[in-house]
There are 2 protein chains.
Amino acid sequence: MPNSVDRPSLSRSIEDYLKVIYKLELESGSAQTSAIADALAIAPPSVSGMVKRLADAELVTHVPYRGVELTEAGRRQALRMLRRHRILESYLIGHLGYDWDDVDREAERLEHAVSDDLVERMAVKLGNPTHDPHGAPIPSAAGTIDPTRYLPMTEIEVGHAGRFRMIGDADPERLRFIASLGLRPGAEFRVLDRQPFNGPVTIELDGDRKEVIGFALASSLQCEQLEEPTLP
Amino acid sequence: MPNSVDRPSLSRSIEDYLKVIYKLELESGSAQTSAIADALAIAPPSVSGMVKRLADAELVTHVPYRGVELTEAGRRQALRMLRRHRILESYLIGHLGYDWDDVDREAERLEHAVSDDLVERMAVKLGNPTHDPHGAPIPSAAGTIDPTRYLPMTEIEVGHAGRFRMIGDADPERLRFIASLGLRPGAEFRVLDRQPFNGPVTIELDGDRKEVIGFALASSLQCEQLEEPTLP
DNA sequence: AACTAAATTTATGCCAGCCTAAATTAGCCC
DNA sequence: GGGCTAATTTAGGCTGGCATAAATTTAGTT
């Protein structure tokens, strides 16, 4: 089986664009120029230029003034980057003593440099995990990913129990705050109170009453709503 | 202690130039434009251009038409790269199952991406080694390096014993050949015969007679000549 | 239907790093 | 010291990837 070598190996920039476009499609269904520019902290015209190149390389399709969509090849590459990132995070935490909250920067640097071979070696050392320490699913080497969608904590109904599944965020400060509340992937809680407009959510966790504050925070906590309250 | 952050962090290209210039200075005492171009597999005019930028950044001094010399800052950066490379090689071999002979490519990619923090974490996991698996000395985090110079195997006198110390080469084929002879850093041998002009060297190793062939090969084997023959 | 605000694209320009071709310099030989 | 050769530098060009300013399109009023 002649490994699919001799693909031109994407530039660091292109890899970042694909990753961001993938995330935007997932979160909001579409990837618009200004959203990409925002996420990459560059000016919108620069995105227009790159989008042209990505479309030429058939990694995205582009409808002018409307936004961009990953092609099959583009999605494959994006998932490959996501796998690298999450395997790297897992390895750095598991084998090199990195903390939950500050591993993202390092993984971000390395994901553009490691070979597929090294990623797979790390995966083996980790026991081929399917989820990273933040609870996020790790795409398989073949490019498939667990499609389960969870709810933001802000949408779980008052009185219901929930299980915290993953944190879709990499900001160290937020991660530290979440960890300080005792929220880890798999943790079960009950929603005691909830303010409208994605306001604070009050939960009971491990017998304690805790307040989860801030729109960006509670809405980035991906949870599953449990049918039967587990804390009656 | 405000860590020396906010240095502009050298580009990948610049890091490669500094590494190559360091090696050339070490091997032949001077670093000339064409030698740099050769080592990096780029055209000489490109080197001229980069040398100008390196000189502007005070990483090298440049005497037109004469060559280039690392400044103190340049040498510091070169040693930092060497430390990264050798720690990475050691870690990949020791903890991720890489082989002696094909670890170089991976380390070469990673050395531009890893953070100093990660390098030091790997060094700790390895027990702060002073030499890598090829026998090459690893610069300290402070930027000092074991200055010991060994002899190429081709210069050890017939009848004398020697100790193999390090292989100054990364070519996988050569490394495999050397490994197949049983030559590992620390191995002791006796020179039985030696052809002039860096020709083949015949040695006795572990009781067997072996022939080390090829100029580039035997001369890249750095050895120490033992005063008292150990195999009488 | 026309006007306006916001998003997007086009037009230009800059820098890093590479290239080739042409000009320059160094080193050597007689 | 003149001339040849090899090494080096200058000149000019290209691509990737960013920027700003100006033009264009979309969408939401009214």
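Protein chains get the first letters and strands the later ones, always in sequence-line order, with residue 1 at the start of each. Please read these numbers as outputs of a predicted model, since none were measured by experiment.
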To the nearest Å, give me how far apart [atom1] ([X]) and [atom2] ([N]) are.
X       : N      : atom1 : atom2 : value
B:Leu59 : C:dA16 : CG    : P     : 14 Å
B:Arg12 : D:dG16 : CZ    : P     : 18 Å
A:Leu10 : D:dG17 : CG    : C1'   : 15 Å
A:Met50 : D:dA19 : CE    : C1'   : 14 Å

Polar side chain donor-acceptor pair, A:Asp117 to A:Ser115, under 3.5 angstrom: no
With A:His95 via side-chain contact (heavy atoms from CB on, under 4.5 Å) - residues at least two apart: A:Tyr91, A:Lys125, A:Leu126, B:Tyr91
Residues forming a side-chain contact (heavy atoms from CB on, under 4.5 Å) with A:Arg174, sequence neighbours excluded: A:Asp169, A:Asp171, A:Ala216, A:Leu217
May I have all residue pairs that pass ring-ring contact (aromatic ring centres under 6.0 Å, His included) and include part of residues 132-154 of chain B, sequence neighbours excluded? B:Trp100-B:His134
Under 3.5 Å donor-acceptor pairs involving side-chain atoms of residues 26-38 of chain A, not counting sequence neighbours:
residue, atom, partner, partner atom, Å
A:Ser28, OG, A:Leu24, O, 3.0
A:Ser28, OG, A:Ser30, O, 3.3

For DNA chain D, the residues among residues 15-24 of chain A that have a non-hydrogen atom under 4.0 Å from it: A:Tyr17
C:dG17 phosphate, OP1 or OP2, under 4.0 Å from B:Arg53 side-chain N/O: yes
Give every residue pair that meets the salt bridge (Lys or Arg N to Asp or Glu O under 4.0 Å) criterion with at least one member in residues 14-26 of chain A, sequence neighbours excluded. A:Arg12-A:Asp16, A:Lys19-A:Glu108, A:Lys19-A:Glu111, A:Glu25-A:Arg75
Sequence neighbours excluded - salt bridge (Lys or Arg N to Asp or Glu O under 4.0 Å) pairs with any residue from residues 89-102 of chain B: B:Asp101-B:Arg176
Atom pairs, N/O to N/O, protein against nucleotides 7-10 of chain D, distance under 3.5 Å?
residue, atom, partner, partner atom, Å
D:dT8, OP2, B:Ser34, N, 2.8
D:dT8, OP2, B:Ser34, OG, 2.5
D:dT9, OP1, B:His62, NE2, 2.5
D:dT9, OP1, B:Tyr65, N, 3.4
D:dT9, OP2, B:Thr33, OG1, 2.9
D:dT9, OP2, B:Ser48, OG, 2.7
D:dT9, O4', B:Tyr65, OH, 3.4
D:dT10, OP2, B:Lys52, NZ, 3.0

Compile the donor-acceptor pairs under 3.5 Å between side chains in residues 53-63 of chain B and protein atoms, sequence neighbours left out, one pair per line.
residue, atom, partner, partner atom, Å
B:Thr61, OG1, B:Glu69, O, 3.4

